[in-house]
Amino acid sequence: MIGTPWSDRSVVVTGGTRGIGRGIAELFARRGAAVLLTGRDEVVAREVAAELVRATGGRVDGLGVDLRAPASVEAMAAEAERRHGHIDILCANAGIFPEKPLREMTAADIDEVLAVNLRGSILSVRACLPAMERAGRGRVVLTSSITGPTTGYTGWSHYGASKAGQLGFLRGAALELAPLGITVNAVLPGNVRTEGLDALGEDYLRRMAASIPLGRLGETTDVAHAVAFLASDEAAFITGQTLTIDGGQTVPESLDALALTLVPAAVSG
Ligand code: NAP
């Protein structure tokens with residue numbers, strides 16, 4: 001058969017109240033999947049779900065889930081299965097990226113970033129695993145980052161560690177879950193226009209846009225389409241892999257190489 005029967009798919013999207021996660025939830029809803037999106041605040045999650053139902057005509061529920069609390073993550077999986085009967089796709093997307101120079105970083109700062117980004121991703125997969133096992137198939141798509149796996153950034157060393165850590169987890173999980181018909185892959189976004197990125201300020205956004213060969217910041221839909229591909233039936237033979245969505249930001253090997261890319265575009269524009 002050609003094409004994924006999206007209307008048969010049940011999708012959990014963590015961190016779906018804003019930004020990339022909201023974009024992922026919206027795309028799956030437009031395709032007809034049943035979506036459960038989460039954020040820490042139940043009221044906000046439900047409001048966003050209602051907005052997406054109005055915008056897409058799809059099936060979207062919202063649930064309050066704190067990824068730092070294992071019981072809350074377990075409840076997320078139980079609720080998704082209760083509402084939709086099964087879980088086919090988990091988008092472990094929620095993450096935080098507080099800036100903190102290493103010199104000022106406390107143990108609590110490190111714990112917070114690792115708890116949400118790394119431990120939260122692992123807990124989410126573990127919680128959804130029994131439902132996927134029962135379904136006899138599954139797709140896990142982690143939202144990692146170029147920061148950590150591919151690049152580094154001053155002020156985000158703990159964040160980079162959490163995002164690189166996700167890929168260590170990804171490879172072990174991909175092997176462990178392959179016999180169950182469950183694939184585990186990750187998207188590595190570059191700089192994508194979200195509320196979280198906007199909070200870093202205009203100066204940051206301008207500098208980042210200037211370092212992207214394709215000449216613009218990413219949109220949440222750019223990431224959502226890559227996630228949907230990795231979650232599709234067509235991606236059945238792909239596991240343990242990463243897909244970078246960064247407008248070519250990590251490609252130039254020097255500032256010269258970047259300048260040579262951007263100047264002709266600026267002239268023709
Ligand atoms: P965002 O706009 O700040 O949204 C973050 C989402 O995570 C929100 O829905 C938030 O929900 C949720 N969240 C935060 N802490 C949580 C917790 N303890 N428990 C449950 N949910 C929590 O971020 P974004 O820019 O869309 O980023 C989404 C993911 O993409 C992150 O993993 C980030 O590292 C990654 N990423 C982003 C970029 C980028 O340029 N934007 C680049 C590379 C990677 P509530 O606030 O409602 O709880």
Side-chain angles (χ1 to χ4, degrees), residues 12-26 35-49 51-52 62-76 90-99 111-124 127 141-153 156 158-167 169-170 186-201 204-205 207-209 211-212 216-224 226-227 242-247 249-250:
V12 175
V13 183
T14 70
T17 53
R18 295 197 301 269
I20 291 173
R22 181 179 169 132
I24 294 169
E26 178 166 353
V35 179
L36 182 70
L37 67 79
T38 75
R40 279 162 300 181
D41 189 313
E42 173 94 19
V43 174
V44 172
R46 285 186 187 197
E47 277 171 11
V48 172
E51 283 169 23
L52 291 185
L63 189 69
V65 175
D66 190 337
L67 291 180
R68 294 168 295 188
S72 179
V73 182
E74 289 291 329
M76 169 182 82
L90 166 66
C91 302
N93 163 83
I96 55 171
F97 33 95
E99 182 183 6
D111 285 348
E112 178 77 1
V113 167
L114 293 180
V116 180
N117 297 1
L118 179 55
R119 198 179 76 146
S121 298
I122 300 173
L123 289 174
S124 299
V141 185
L142 308 176
T143 305
S144 176
S145 175
I146 59 170
T147 309
T150 317
T151 62
Y153 208 115
W156 279 282
H158 54 347
Y159 174 76
S162 74
K163 293 287 153 178
Q166 283 182 310
L167 300 193
F169 165 70
L170 157 84
V187 288
L188 275 56
N191 282 273
V192 178
R193 201 77 201 256
T194 64
E195 291 84 340
L197 202 79
D198 284 352
L200 300 177
Y204 176 91
L205 297 179
R207 282 187 284 113
M208 280 304 122
S211 67
I212 299 174
R216 65 170 175 88
L217 295 168
E219 301 291 337
T220 59
T221 49
D222 293 318
V223 182
V227 169
T242 62
L243 183 52
T244 297
I245 303 126
D246 71 347
Q249 184 173 354
T250 52

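In each ligand, atom 1 is the first atom listed, and ligand 1 is the first ligand listed.
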Of the protein's non-hydrogen atoms, which lies at the shortest distance from [atom], and what is that distance?
atom                    : result
atom 44 (C) of ligand 1 : S144 O, 3.2 Å
atom 36 (N) of ligand 1 : Y159 OH, 3.7 Å
atom 26 (O) of ligand 1 : I20 N, 2.8 Å
atom 23 (O) of ligand 1 : F97 CE2, 3.7 Å
atom 20 (C) of ligand 1 : V65 O, 3.2 Å
atom 30 (O) of ligand 1 : T143 CG2, 3.2 Å
atom 19 (N) of ligand 1 : L67 N, 3.0 Å
atom 21 (N) of ligand 1 : A94 CB, 3.7 Å

Note, [X] side chain near [Y] side chain (heavy atom, < 4.5 Å):
X    : Y    : result
H158 : E112 : no
V113 : P98  : yes
N117 : F97  : no

Counting N and O atoms only, with roles assigned by atom type, does the side chain of [X] sit under 3.5 Å from a partner on the main chain of [Y], one being a donor and the other an acceptor?
X    : Y   : answer
T194 : I20 : no
R119 : R68 : yes
S121 : A92 : no

So, is [X] polar-close to ligand 1, with some N/O to N/O distance under 3.5 Å?
X    : result
I96  : no
T17  : yes
T194 : yes
G39  : no
V192 : yes
G196 : yes
R40  : yes
G21  : no

Option with minimal heavy-atom separation from [atom], where the choices are [options]:
atom                    : options               : answer
atom 31 (C) of ligand 1 : L217, L200, N93, L188 : N93
atom 38 (C) of ligand 1 : S145, G19, G190, G218 : G190
atom 1 (P) of ligand 1  : M208, R18, R22        : R18

Salt bridge present between R18 and D198 (N-O < 4.0 angstrom): no
Closest approach of A94 to L67 (non-hydrogen atoms, all atoms of both residues): CB-CD1, 3.4 Å
Closest non-hydrogen atom pair, G23 against A224: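 Result for this residue pair: O-CB, 3.6 Å.
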Residue-level breakdown please: for [X] versus ligand 1, do any non-hydrogen atoms fall below 4.0 Å on the side chain, on the backbone, on both, or on neither?
X    : result
A199 : neither
R193 : neither
V116 : side chain

Just verifying a value: how many Å separate [X] [atom1] and [Y] [atom2], rounded to the nearest 0.5 Å?
X    : Y    : atom1 : atom2 : answer
Y153 : T147 : OH    : OG1   : 8.5 Å
N191 : I245 : CG    : CD1   : 13.0 Å
L197 : M208 : CG    : CE    : 8.5 Å

Partner set under side chain to side chain contact (heavy atoms under 4.5 Å, CB included) for L114, not counting sequence neighbours: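 With sequence neighbours excluded, L114 shows a side chain to side chain contact (heavy atoms under 4.5 Å, CB included) to I110, L118, S162, given in chain and number order.
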Side chain to side chain contact (heavy atoms under 4.5 Å, CB included) between L205 and R193, intermediate numbers included: CA-CA 8 Å; L205 297 179; R193 201 77 201 256; 3.5 Å; yes
Per-atom contacts, ligand 1 versus R68 - under 4.0 Å to a heavy atom: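 Those atoms are 18 (N).
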Those atoms of ligand 1 less than 4.0 Å from some heavy atom in G95: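 In order of number, 5 (C), 7 (O), 31 (C), 32 (O).
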Heavy-atom gap N191 to ligand 1 smaller than 4.0 Å: yes
Derivation of the side chain to side chain contact (heavy atoms under 4.5 Å, CB included) call for L170 and T242: CA-CA 9 Å; L170 157 84; T242 62; 4.0 Å; yes
